[in-house]
Amino acid sequence: MPELPEVETTCRGIAPYTESQTLSEFIVRQPQLRWPIPEILCDQLPGQKVHRVRRRAKYILLEMDHGELLIHLGMSGSLRVVTVDEPVGKHDHVDLVMSNGSVIRFCDPRRFGTVLWQASQSIHPLLQTLGPEPLSDAFNTDYLYGCCLGRKQSIKQRIMDNHVVVGVGNIYASEALFAAGIDPRRAAGRISKKRLDRLVQEVKRILDYAITRGGTTLRDFVGGDGKPGYFQQELYVYGRKDELCKVCNSQLKEVRLGQRSSVYCPSCQR
DNA sequence: AAAGACACCTGGGAGC
DNA sequence: TGCTCCCAGGTGTCTT
């Protein structure tokens, strides 16, 4: 569920319920996530106001009086806006109870997510080595070309590396490479600048479009559904192994790159 | 230095 | 029905 568009949608979804509100209670039912939730937060957070919600890579950042709460949804996490009387589910690990009565509930069955704290005037180590945002001007052709120069690593693994560019997960990496006509296995250093330019444009176009569509599920999200879909019918290759290419009708193939499944069209992608 | 392997964890689906 | 095995949207860290 949580690729960058879903994280962005989540940020927009919780902002109206948290910004300018004071956090009245921080409830932790299961502190063992990817890293333990700092115990001190239960004492430290209540009373602090949430000034703004923003996103960096796939981290959701709540700017508060004395620092920022970092939330990462991992592979299976979600945040929902609920009311205090909503029954607590098996994997509902954390509640942010706001003074206006709404509750931001963190659910994460696989517990690969994170809830950490970044004090004012400091940058958490997890955020220090991140590459540029894919939708920013810093992610451009010259930049990506420089990141690929001399690299034997596959282009798919290259664009999924957070140090190169953030927020490009398995779904959108697969889709962008299809749209750009590039074989996901191709060595990053053996792709022309012109083709990398196409890839940069497609990454931006697809993420931007997905965010737009993610926005359409905002109402459901806020209503407590909490499961914005990723529009399966619009995917060209991801999850379509052995099916036919929507463009040329060839049978799609699957390979594994960096332990991740990668579906591609052997005819459209070179 | 770069690239690959492995780790964390639960649930769902396929196959027997 | 039920068991076992494999796979899944992420990403930091350890090993070659």
Side-chain angles (χ1 to χ4, degrees), chain A residues 1-11 29-37 55-60 70-80 89-94 106-116 118 123-131 133-134 146-177 184-190 203 206-207 210-211 213-214 217 221 226-232 234-242 254-263:
Chain A
M1 186 163 35
E3 281 231 28
L4 185 134
E6 288 75 17
V7 176
E8 180 65 33
T9 299
T10 297
C11 279
R29 300 184 194 85
Q30 167 59 277
Q32 299 304 319
L33 303 182
R34 180 160 192 197
W35 290 282
I37 299 174
R55 177 187 63 73
R56 171 70 175 113
K58 290 173 186 165
Y59 290 92
I60 296 163
L70 313 185
I71 300 174
H72 195 293
L73 302 177
M75 292 272 269
S76 58
S78 65
L79 290 180
R80 288 181 306 137
K90 182 178 177 185
H91 303 293
D92 290 336
H93 307 314
V94 179
F106 174 79
C107 175
D108 185 8
R110 289 177 73 180
R111 288 191 274 130
F112 286 172
T114 58
V115 177
L116 295 169
Q118 169 176 277
I123 298 179
H124 196 283
L126 290 174
L127 302 187
Q128 273 175 9
T129 60
L130 295 176
E133 288 290 327
C147 289
C148 292
L149 259 187
R151 300 288 182 152
K152 293 176 179 173
Q153 186 182 39
S154 75
I155 184 63
K156 176 158 179 277
Q157 289 175 276
R158 203 75 196 113
I159 61 173
M160 287 180 69
D161 184 335
N162 269 341
H163 304 290
V164 174
V165 57
V166 301
V168 182
N170 203 25
I171 297 175
Y172 296 107
S174 302
E175 294 297 310
L177 284 163
R185 301 168 297 177
R186 180 168 286 275
R190 297 196 55 242
V203 165
I206 288 170
L207 285 176
I211 288 172
R213 300 302 307 267
T217 66
F221 169 81
K227 291 176 182 171
Y230 38 86
F231 308 102
Q232 258 188 347
E234 299 185 35
L235 297 174
Y236 282 85
V237 287
Y238 178 82
R240 300 192 65 237
K241 174 190 178 186
D242 292 339
E254 180 183 62
V255 288
R256 291 195 79 79
L257 295 171
Q259 350 271 90
R260 312 300 297 274
S261 78
S262 307
V263 182

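A note on names: the letters A, B, ... follow the listed sequences, proteins ahead of strands, and every chain is numbered from 1.
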Asks: Rounded to the nearest angstrom, tell me the gap between atom CZ in A:Arg256 and atom P in C:dC7.
Replies: 6 Å

Asks: Take atom CD of A:Glu6 and atom P of C:dG10, then tell me their distance rounded to the nearest Å.
Replies: 9 Å

Asks: Are the side chain of A:Arg158 and the backbone N or O of A:Cys148 linked by a donor-acceptor pair below 3.5 Å?
Replies: no

Asks: To the nearest angstrom, how far is A:His91 atom NE2 from B:dG11 atom C1'?
Replies: 8 Å

Asks: Within the side chain of A:Glu3, is there an N or O that forms a donor-acceptor pair under 3.5 Å with the backbone of A:Pro5?
Replies: no

Asks: Under 4.0 Å between a side-chain N/O of A:Arg110 and OP1 or OP2 of C:dA8, yes or no?
Replies: no

Asks: Distance check needed: C:dC6 P versus A:Arg260 CZ, whole Å only.
Replies: 18 Å

Asks: Between A:Val165 and A:Val168, what is the shortest heavy-atom contact and its length?
Replies: CG1-CG2, 4.1 Å

Asks: For A:His72, enumerate each residue passing the side chain to side chain contact (heavy atoms under 4.5 Å, CB included) test, keeping only those at least two apart in sequence or located in another chain.
Replies: A:Lys58, A:Tyr59, A:Thr114

Asks: Identify whether any heavy atom of A:Lys90 sits under 4.0 Å from a base atom; if not, whether one sits that close to sugar-phosphate; answer base, sugar-phosphate or nothing.
Replies: sugar-phosphate

Asks: For C:dC7 versus B:dA5, give the span between their P atoms, rounded off to a whole number of Å.
Replies: 15 Å

Asks: Ignoring backbone atoms, test whether A:His72 places a side-chain nitrogen or oxygen under 4.0 Å from the OP1 or OP2 oxygen of C:dG12.
Replies: no

Asks: Could I get the full list of salt bridge (Lys or Arg N to Asp or Glu O under 4.0 Å) partners for A:Arg29, not counting sequence neighbours?
Replies: A:Asp95

Asks: Tell me every residue that passes salt bridge (Lys or Arg N to Asp or Glu O under 4.0 Å) with A:Glu133, counting only those two or more places apart in sequence or in another chain.
Replies: A:Arg55, A:Arg56

Asks: Taking 5.5 Å and 30° as the limits, would you call A:Phe112 and the base of C:dT11 a stacked pair?
Replies: no

Asks: Atom pairs, N/O to N/O, protein against nucleotides 13-16 of chain C, distance under 3.5 Å?
Replies:
none

Asks: Which is true for A:Arg34 with a 4.0 Å heavy-atom rule: it touches a base, it touches only sugar-phosphate, or it touches nothing?
Replies: base

Asks: Pick from A:Thr10, A:Thr9, A:Leu73, A:Asp108: which one makes a side-chain contact (heavy atoms from CB on, under 4.5 Å) with A:Pro2?
Replies: A:Leu73

Asks: Taking the side chain from A:Gln153 and the backbone from A:Ala188, do they hold a donor-acceptor pair closer than 3.5 Å?
Replies: no

Asks: Residues in side chain to side chain contact (heavy atoms under 4.5 Å, CB included) with A:Glu175, at least two apart?
Replies: A:Ile171, A:Ile206, A:Leu235, A:Tyr236, A:Val237, A:Tyr238

Asks: Whole-Å distance between C:dC7 C1' and A:Tyr238 OH?
Replies: 10 Å

Asks: Give every residue pair that meets the side chain to side chain donor-acceptor pair (under 3.5 Å) criterion with at least one member in residues 159-171 of chain A, sequence neighbours excluded.
Replies: A:Lys156-A:Asn170

Asks: Which whole-number value in Å describes the distance from A:Ile60 CD1 to C:dG10 P?
Replies: 14 Å

Asks: How would nucleotides 1-6 of chain B be written as a contact map, 5' to 3', with B for base contact, S for sugar-phosphate-only contact and - for no contact, using protein heavy atoms under 4.0 Å?
Replies: -SSSSB

Asks: So if I apply the side-chain contact (heavy atoms from CB on, under 4.5 Å) rule between A:Cys11 and each of A:Leu79, A:Ile60, A:Ile71, which one comes out positive?
Replies: A:Ile60

Asks: Can you tell me the distance, in whole Å, between the CG atom of A:Leu130 and the P atom of C:dT11?
Replies: 9 Å

Asks: Would you please confirm or rule out a distance under 4.0 Å between OP1 or OP2 of C:dA8 and any side-chain N or O of A:Ser261?
Replies: yes

Asks: Under a 3.5 Å cutoff on both atom distances, Watson-Crick or G-U, what's the dot-bracket for DNA chain B ([ ] crossing, | other strand)?
Replies: .|||||||.|||||||

Asks: Please name the residue in the list A:Ile37, A:Asp92, A:Leu33 that meets the side-chain contact (heavy atoms from CB on, under 4.5 Å) test with A:Phe106.
Replies: A:Leu33

Asks: Whole-Å distance between C:dG12 P and A:Lys58 NZ?
Replies: 11 Å

